[in-house]
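Presented below is the structure to which this report refers.
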Amino acid sequence: MATMTLVQAIHDALGEEMERDPRIVLLGEDIGKNGGVFRATEGLWERFGAERVIDTPLAEAGIVGMAIGMALDGLRPVAEIQFADFIYPAFDQIVSELAKFRYRSAGQFTAPVVIRAPSGGGIKGGHYHSQSPEAYFIHTAGLNVVMPSTPADAKGLLASAMRDPDPVIFLEPKALYRTAKGEVPDAGSAVPLGKARIVRKGSDVTVVTYGATVRVAEEAAAQAEGEGTAVEVIDLRTLWPMDIEAVIGSVEKTGRAVVLHEAPRTCGFGAELAALIQEKAFLHLKAPVARVTGFDTPFPYALEKLYLPDARRTRNAIAAALSF
Amino acid sequence: MATMTLVQAIHDALGEEMERDPRIVLLGEDIGKNGGVFRATEGLWERFGAERVIDTPLAEAGIVGMAIGMALDGLRPVAEIQFADFIYPAFDQIVSELAKFRYRSAGQFTAPVVIRAPSGGGIKGGHYHSQSPEAYFIHTAGLNVVMPSTPADAKGLLASAMRDPDPVIFLEPKALYRTAKGEVPDAGSAVPLGKARIVRKGSDVTVVTYGATVRVAEEAAAQAEGEGTAVEVIDLRTLWPMDIEAVIGSVEKTGRAVVLHEAPRTCGFGAELAALIQEKAFLHLKAPVARVTGFDTPFPYALEKLYLPDARRTRNAIAAALSF
Amino acid sequence: MELPLRVVLREDGSADPELDPGLDDEALRILFRKMALLRALDEKGLNLQRAGRIGFYIGATGQEAAEIGSGFALEEGDWVFPSYRDQGVALLQGYPLSELIGQLFGNSSDVTKGRQMPNHWCDRAARVVSVSSPVATQLPQAVGTAYAAKLRGEKIAVIGYFGDGGSSTGEFHAAMNFAGVFRTPNVFFCSNNRYAISLPVARQTAAASIAAKAAAYGIPGVRVDGNDVLAVFRVTRDALERARAGEGPTLIEALTYRIGSHSTSDDATRYRPAEEVEAWRGKDPIKRFAAHLKQRGLLDDPEEKAVFEEAREEVRRTVAVCEAAPPVPPESLVEDVYAEMPWHLEEQREWTRMPEKR
Amino acid sequence: MELPLRVVLREDGSADPELDPGLDDEALRILFRKMALLRALDEKGLNLQRAGRIGFYIGATGQEAAEIGSGFALEEGDWVFPSYRDQGVALLQGYPLSELIGQLFGNSSDVTKGRQMPNHWCDRAARVVSVSSPVATQLPQAVGTAYAAKLRGEKIAVIGYFGDGGSSTGEFHAAMNFAGVFRTPNVFFCSNNRYAISLPVARQTAAASIAAKAAAYGIPGVRVDGNDVLAVFRVTRDALERARAGEGPTLIEALTYRIGSHSTSDDATRYRPAEEVEAWRGKDPIKRFAAHLKQRGLLDDPEEKAVFEEAREEVRRTVAVCEAAPPVPPESLVEDVYAEMPWHLEEQREWTRMPEKR
Ligand SMILES: Cc1ncc(C[n+]2csc(CCOP(=O)(O)OP(=O)(O)O)c2C)c(N)n1
Ligand SMILES: Cc1ncc(C[n+]2csc(CCOP(=O)(O)OP(=O)(O)O)c2C)c(N)n1
Ligand SMILES: [Mg+2]
Ligand SMILES: [Mg+2]
């Protein structure tokens, strides 16, 4: 066990898995000598060489397309998209190709590519360094979508992603890169995909969240506790395919659910969570499933703090659910 | 009034608006001499010339990017994407640019572009000539998303789209191009964006849908009627920003809702509809909001019929809601 | 400054000794038989579609020299990233005709479970990657596979096929640029059949040629007569050898012509003058090669007829077998989305079994 | 076959009479003042960011000749599609310094309501389109605007700016190709500052030059010394005139160097040798032009100092005013998504007003 930041945990997972599995290669913009704009790949270029830590030209469609081709013939590519906001030029490769290879070839070809992308707000990045695009990928059949919220999970989930037989969109909450610190198990311990983490037990209301808003949920839960409300906080970790039992089990117990994420509300993942919860736990619900989310606007620069869901809005939603 | 097919109605709207407004230009692949692969632009190249009916090289990013630039300086471009499945190379232009111009410039620059794209299944087109991508665009703040289900609406909504000050993603249910026939008012009558159409009144359950599944809903409703169940069918027409009063008003009356669409279920627009309905009509709901949708798989070729939501699955959902 | 056009088969049926690849008689006969097979497949495919027995077909009629000449240059271990029109190349790689035709029917004779439209086949054993409709998406993938081979020190080449229209896509640009930078063992083979559906190539690009685009990526560009099977074979073999030898990628532009419509969904008479098509019919690549073989004494008229008859018979036989296969099972709808089926697809599998009404 | 490099300002401070654009004294003085202003803005921007008074800054230090030389060639009615590094061009188009600096603060002195990061400005009146971060997205848009002008018969030109990295994007490819096909009145201006963040241009592309890529699109490519303000002005003016005259688009590559880090978020010492940077500091475009002006008797040392002092003062004054402005109002968060506010944003406006707890 060692204490480290989330970005160090990512870094460690990459290094350890590359050591373990010579098929792993990294590719992306500025990931080599520069070590990545967030330093996630620092030192790996020196350690594994320019052939396995590949600085690419500026073309995300090329990065993902190339990664797919590598994966088709036995490599295990991990592509870095510098910011999740710049993943859209690769959208066709992801939606039309990456997600569909196994299905369209009836399993003859598979593309176990991991796409890492710093996601979410909190660094005053404005429209294009702040977005949370998870819903696009969750809606795309054939992808795994993962977002850690702790260093230990970051390392363990990334290790699992690199070993998974299917593509994984691995979204890293950049606001937590250096602010989330914690104990991380030593080499080799993967955290399985598809399993949520109960962050905090409680019987009155369930808050379902992931990524950077996990700590918002914890803050709101701690405040609510002071007023006698026991909040259960679930960190999904794997967004899709999600841990349905953890969520439904909790809501059956508490009878109230708040879903919480940074991405815009409309057609966000919160909509799916709300839809699923009311489908599967209808008779247990004492209040509508509430959504606390980003606004349905482009991500703003000056008003970032206001845009991001916070403990205030989360507590309001909890209170509303309790008093419904 | 004249009777015509849906694709003829589209064609008429284009021609009439081009006649009315010299700022309108069309651009896309094979829309000129060839008249579009679905013939939506047939004869317009001859009528308005190659400068206003523009055959472009094969690059959707170029088509949408160029359309944006045209719109920035006073033209009213209508871009055709040959199949909605091929819109992904333009995804960056749509999400990062088209949707955000007004916001990021605080209204200095606007991009009133209409993007027309044949959408949905029903023509044995397999993965890449069948997808329904509406959820991606609904989740993207700043876009209007429209899908007609009748010739009259196709014409009227497209006219409104071409006059709207904001970008419109205009998805055309290709399965209905030639199979939907109906009366269409003569020149100039636009159908406003943002208003749903009550296809059929009923008091027992509300089916909310749009596009090609409207007729599935009607079929299921007709069958249910035979068994004494009165189904209200709502055709949203404008998917986003949607007509919230029409939907909530109906569900408050019926107490039961089924949402129906072709797109994959997870994080589809049905999730948003279910989330909204349970948020806003919770105490009226006698059963969970049910979703009848496509599968969370790539769109299949041989099993297309099975994939597409049909009256059978819709009736099952209605029956389940009634007996919940 | 135009790149020279490489030609082997001359007007008089002789071969330019300078460029003649020097194939032996058996190889020449195979080339001819494969071109005939491809033509026979097209005839059948179009007829099957017209008769409503398959849903769709895309032919390569008129482009057989480009298909067979380039495909024949491939060697054991090479990879193919095809477009929807490259069934000829796939067959040469060892993709069984029975699987190709099974795929057209999309029933249980289709090893890919009827998942895709006709012409969207693949074969892992033959290293022929799955066709997909979006134009040119295969090209950056071809670079990745080539990179993988290079990294492991394998001496193989990876060929990516595309059309003149494909050269306008962002994927073409990324692929060529990446290949240039990483010097991957790639060959990019453009079948310039003069049209992208209805758009003539002169309105696809203002460049002097597609091959001229290679300069933008620091790689060699080659223009070849795409109706000349020997010239196509020769330049493709050379490019593949360069690739395998670690000398980097090549862009080949084969100038040919799409005799038929774009696909069975298209009607080329809407946008193409009949005289133009007629002129190109006169340049039939199979007849042109036949003339050469005859001149070399490797073919005569009855034999020519027999080769075509045999090809048609093989196609007919295979169609009969494939067409008779049962449909794909409904449950297969939810398979192969992931390696293991997650809960939500388990749930959705039930939808395929749902009774008429509960 | 390398394209020639266009140079006007010679080692000895004189101008090559062959290419000298023949600007009058006043124009030459303006060029110099604008270069100085741009440098002063960079100094201030970096300091403001370091002091935490603004959140981010991107400078153009070392690239002033490319910015000011090209921007000065624009005429009334021309449009600019800039990248995040082209504040110099924007200022020349008439974008007020006060608005540019207001944008850096993102408070109510920002006419765009603090919506975007610093360096992401725009000005409709000046026909300067909104900067966005995604690289090169502006280029196909520039083609559309040029097409619109052409359609209406307006004799204007549209210039699109981008970097060496931008040349690898699909958007560059689409834009150049469309412009070539439609012969739109575009100028594509690449500031090749040798790096895309950390990637040197030699690993961005294997092409002989960025300008060489023009051949792929059938349009002329021009290479110019990007540290030579007169050469840049000359080739840009020529290209703009060609465009306005209906002779089609041009690709210009200005060879320059990014003296600073990519942005305030970057540390270029991680990937660039100090000697390289030092060598380029010696080629300072402002000093180079100053030497020429001095030779022409249009500048002396005290005047040179004064120009810089004035520029710094102007920036200082403007910063003081902008920084003092109040923050943007919370409700503005939900404005300008659509022309009219739909119900769901009306609802969400309430979130900006929500009490601490109900
Ligand atoms: C990204 C994308 N856009 C549009 C289409 C529709 N489409 C299918 S084939 C085709 C033309 C392709 O022309 P070309 O690349 O020359 O190949 P050819 O069919 O002539 O062999 C078009 C536009 C598509 N499949 N993919
Ligand atoms: C599509 C996209 N991918 C990645 C980035 C991140 N990024 C910002 S600037 C930059 C380098 C751009 O280099 P260049 O085009 O040479 O312009 P320069 O900054 O040197 O002026 C990168 C990779 C981005 N903004 N957009
Ligand atoms: Mg073609
Ligand atoms: Mg650069």
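First the proteins, then the strands, lettered A, B, ... as listed; each starts at 1.
- Proximity to chain A at a heavy-atom threshold of 4.5 Å picks out W240(B) from residues 235-243 of chain B, in numerical order.
- Annotation for K253(B): atom NZ counts as buried by contact number, over 12 foreign heavy atoms lying within 6.0 Å.
- Using a 4.5 Å cut-off between heavy atoms, L273(B) makes no contact with chain A at all.
- Heavy-atom distances place the side chain of Y128(B), and not its backbone, under 4.5 Å from chain A.
- Residue contact with chain B, scored on non-hydrogen atoms closer than 4.5 Å, is absent for I94(A).
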Could you walk me through whether F91(B) and V95(A) pass the side chain to side chain contact (heavy atoms under 4.5 Å, CB included) check? CA-CA 11 Å; F91(B) 206 71; V95(A) 169; over 6 Å; no
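- Listed options A274(B), A275(B), A99(B) were ranked by heavy-atom pairs under 4.5 angstrom with chain A; first place goes to A275(B).
- Rounded to the nearest 0.5 Å, atoms CD1 (I87(A)) and CG (D92(B)) are 11.0 Å apart.
- If you measure heavy-atom distances from Q131(B) to chain A, the contacts under 4.5 Å come from the side chain alone.
- Put simply, CD on E272(B) and CD on E272(A) are 11.0 Å apart, with the number rounded to the nearest 0.5 Å.
- Looking at Y88(B), the atoms closer than 4.5 Å to chain A (heavy atoms on both sides) sit in the backbone and in the side chain alike.
- Shortest non-hydrogen contact noted between H139(B) and P264(A) is CE1-O, 3.4 Å.
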Taking only distance into account, with no hydrogens and no angle test, what donor-acceptor pairs under 3.5 Å do side-chain atoms of residues 58-67 of chain B form with protein atoms, sequence neighbours excluded?
none

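- Proximity to chain B at a heavy-atom threshold of 4.5 Å picks out K100(A), Y103(A), R104(A) from residues 100-110 of chain A, in numerical order.
- In the displayed structure, K195(A) atom NZ is contacted under 6.0 Å by at most 12 heavy atoms of other residues, nucleotides or ligands.
- Within residues 285-301 of chain B, the residues having any heavy atom closer than 4.5 Å to a heavy atom of chain A are L285(B), K286(B), A287(B), P288(B), V289(B), R291(B), D296(B), T297(B), P298(B), P300(B), listed by residue number.
- No other option in G142(A), G268(A), P133(A) has as many heavy-atom pairs under 4.5 Å with chain B as G268(A).
- Looking only at heavy-atom pairs under 4.5 Å with chain B, the residue among C267(A), A271(A), A141(A) that has the most is C267(A).
- In this structure, the side chains of L283(B) and F324(A) come closer than 4.5 Å at one or more pairs of heavy atoms.
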